[in-house]
Amino acid sequence: QVQLVESGGGSVQAGGSLRLSCAASGYTYCMGWFRQAPGKDREGVAGIRTRVGSAYYADSVKGRFTISQDNDQDTVYLQMNSLKPEDTAMYYCAADFVRCGTLLTANFRYWGQGTQVTVSS
């Protein structure tokens with residue numbers, strides 16, 4: 001069982017930046033960030049293979065968001081720059097210990113409680 005705890009959400013004006021953190025309590029092979037806006041489906045934002053450090057992104061955030069991990073691979077970060085109002089959502093950290101390489105919610109076994117990000121225009 002892996003527990004995930006997110007932090008770092010908040011409110012910011014368009015063009016600003018935020019950094020989200022996700023601390024994992026156990027072994028992970030893959031960690032990812034997802035988001036869900038009111039009335040919309042949960043969508044993948046970024047993922048990272050924690051044993052290798054290779055990252056991948058949704059097209060909507062490429063060039064603006066960066067996923068990274070700390071040296072002990074227990075914590076991943078999502079640096080969000082040039083934020084837009086359409087980035088407003090609840091952001092969730094997710095993890096799995098088998099598969100990696102996609103941003104499909106079905107491929108992630110463990111989920112955090114979420115942290116709210118609000119971007120005002």
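Fair warning: this is a prediction, and the values are worked out from it, not measured in the lab. These values consider heavy atoms only, across backbone and side chains, with no hydrogens, waters or symmetry-generated copies.
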Around [X], counting heavy atoms of other residues, nucleotides and ligands shown, do more than 12 lie under 6.0 Å from its [atom1]?
X	atom1	result
Glu43	CD	yes
Gln3	CD	no
Glu86	CD	yes

Worksheet item: Who are the salt bridge (charged side-chain N to carboxylate O under 4.0 Å, His left out) partners of Arg109, not counting sequence neighbours?
Response: Asp96
Worksheet item: Are the aromatic ring centres of Phe34 and Trp111 under 6.0 angstrom apart?
Response: yes
Worksheet item: Is there a path of hydrophobic side-chain contacts, each under 4.5 Å between heavy atoms of I, L, V, M, F, W or Y residues, that connects Ile67 with Phe97?
Response: yes
Practice prompt. Apply side chain to side chain donor-acceptor pair (under 3.5 Å) to Tyr91 and Arg35, showing your working.
Written response: CA-CA 4 Å; Tyr91 281 70; Arg35 65 186 181 187; 3.0 Å; yes
Test item: [X] and [Y] side chains (from C-beta on) under 4.5 Å apart, heavy atoms:
X	Y	answer
Leu78	Val45	yes
Phe65	Gln79	no
Asp70	Tyr77	yes
Thr115	Leu20	yes

Discussion item. Working note: Gln69 + Met31, criterion side chain to side chain contact (heavy atoms under 4.5 Å, CB included); need CA distance, chi angles, decisive distance, verdict.
Written reply: CA-CA 9 Å; Gln69 61 185 10; Met31 293 184 74; over 6 Å; no
Discussion item. Walk me through whether Cys100 and Tyr56 qualify under side chain to side chain contact (heavy atoms under 4.5 Å, CB included).
Written reply: CA-CA 10 Å; Cys100 205; Tyr56 51 100; 3.6 Å; yes
